[in-house]
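Heavy-atom basis, side chains included; hydrogens, waters and symmetry copies ignored. Chain letters run A, B, ... following the sequence lines, proteins first and then strands; every chain starts at 1.
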Number of protein chains: 2
Amino acid sequence: MAKTSQAAGLHRASLDKLHDLDAALELMYYGWRGMTLEADAYLAKQGLSRPHHRILYVVARRPDIAIGSLLEVLGISKQALSRPLNLLQERKLVTSKRSPEQHRSKLLRLTEAGRRIEQRASDHERKVLREAFDRVGASGAAAWMAVMETIADNN
Amino acid sequence: MAKTSQAAGLHRASLDKLHDLDAALELMYYGWRGMTLEADAYLAKQGLSRPHHRILYVVARRPDIAIGSLLEVLGISKQALSRPLNLLQERKLVTSKRSPEQHRSKLLRLTEAGRRIEQRASDHERKVLREAFDRVGASGAAAWMAVMETIADNN
DNA sequence: CATCTCATGTCAACTATGTTGACTTGAGAT
DNA sequence: ATCTCAAGTCAACATAGTTGACATGAGATG
């Protein structure tokens, strides 16, 4: 997992706008990329990548989450989870213990090192958001959140 | 390329917020997914997927683009381009002709069928954006764009 | 004409991230 | 003793990308 670096290039291309909302459509694409670029670079330096970060992020916010619940939250199969999760455990970024009462399920937690990496990776992403929000002020930030909520809830 | 459908699940998970901007961070993730969900489902029905759509999208907005320029815009290797592009040509969604003067390069265009599929796929994405923008009004939409531009330009 | 460059194409091997399906293991519940 | 259920594991496959090496065909240059 993880390579040296990515394709580079990838400056926002300037394409003709055929429709009113083409600019917005492209901004969603480049926005996602802009937010994750530095975090991905940091993760790659640690020999980790996006799937590992997703696991760390969720476990950080749901200590003692069971494997099954983690699968639900991530929306992937257990087979897809196993490789990145095993790596995180080998690296001692995540620990698991059996539940005292529900002995069937395994409860996951981050170690101190896991918390540190999760924080640093997420910090890169939050930094980009913070800078953008600072430029538009609180009302602009609120509008951004409102738009994104509507889009996100488009199931 | 393309399967029957995706993992399903994937309701926005409710995780504890450890930081101020965690909600925004998650909205970026779910926003991207919300925008592309229906478009991806439509593409899958056509036996196509995201890489094909990206090609169709760019060629629609840069008729007579050369392969090399397309590679730059997409930011992938020519080997990665070849499979989806060849499929699009076999399906007669994209045509290529050699340039009259610059005979070395090959110029790409969408056929009528290619244009139609590109439009329908992108329409799904624009529809989601339009609904969200309608809810917050022109000033909210402008704020969203301003935030996304700052984030996108974070190189 | 001969050679150089340049855009494109293609073969091969590899990585990463996911999928299904089938089966095992180990512990709790009946 | 058996059933159920969470978790783990093996195999085969699909998709989307990477590098490296090499071929081809045409325009540009000595």
Determine the contact category for A:Ser77: base if any of its heavy atoms lies under 4.0 Å from a base atom, sugar-phosphate if only primed atoms, P, OP1 or OP2 are that close, otherwise nothing.
base
Protein-nucleotide distance ([X], atom [atom1]; [N], atom [atom2]), rounded to Å:
X	N	atom1	atom2	result
A:Leu107	D:dA7	CG	C1'	12 Å
B:Asp40	D:dT15	CG	P	14 Å
A:His53	C:dA16	NE2	P	19 Å
B:Arg50	D:dG17	CZ	P	11 Å
A:Ile65	D:dA6	CD1	C1'	14 Å
A:Leu88	D:dG8	CG	C1'	17 Å
B:Ile76	C:dT8	CD1	P	14 Å
B:Lys97	C:dT8	NZ	P	14 Å

At their closest point, which heavy atom of B:Gly47 faces which heavy atom of B:Leu87, and how far apart are they?
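Looks like O-CD2, 4.3 Å.
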Can you name the closest pair of heavy atoms from B:Met148 and A:Leu27 and give their distance?
CE-O, 3.8 Å
Shortest side-chain distance from [X], nucleotide among [options]:
X	options	result
A:Lys106	D:dA16, C:dT17, D:dG8	D:dG8
A:Ala80	D:dA16, C:dG18, D:dT9	C:dG18
A:Arg54	D:dA16, C:dG18, D:dA7	C:dG18
B:Arg98	D:dA16, C:dT19, C:dT8	C:dT8
A:Pro51	D:dG8, C:dG9, C:dG18	C:dG18
A:Arg83	C:dG21, C:dT17, C:dA12	C:dT17
B:Lys78	D:dA21, C:dA7, D:dA7	D:dA21
A:Gln79	C:dT19, C:dA7, D:dG8	C:dT19

Quiz question: by atom type and distance under 3.5 Å, do the side chains of B:His124 and B:Thr36 form a donor-acceptor pair?
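No, B:Thr36 and B:His124 have no side-chain donor paired with an acceptor closer than 3.5 Å.
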Cation-pi geometry met for A:Arg61 and A:Tyr57 (6.0 Å, 45°):
yes
Check B:Asp22, B:Leu15, B:Asp20 against B:Leu18 for a side chain to side chain contact (heavy atoms under 4.5 Å, CB included) and give me the one that passes.
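The option that passes is B:Asp22.
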If the cut-off is 4.0 Å, is B:Ser49 near the phosphate of D:dA16, judged by side-chain N/O to OP1 or OP2?
yes
Side-chain N or O of A:Ser105 closer than 4.0 Å to phosphate OP1/OP2 of D:dC5
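No, outside the criterion.
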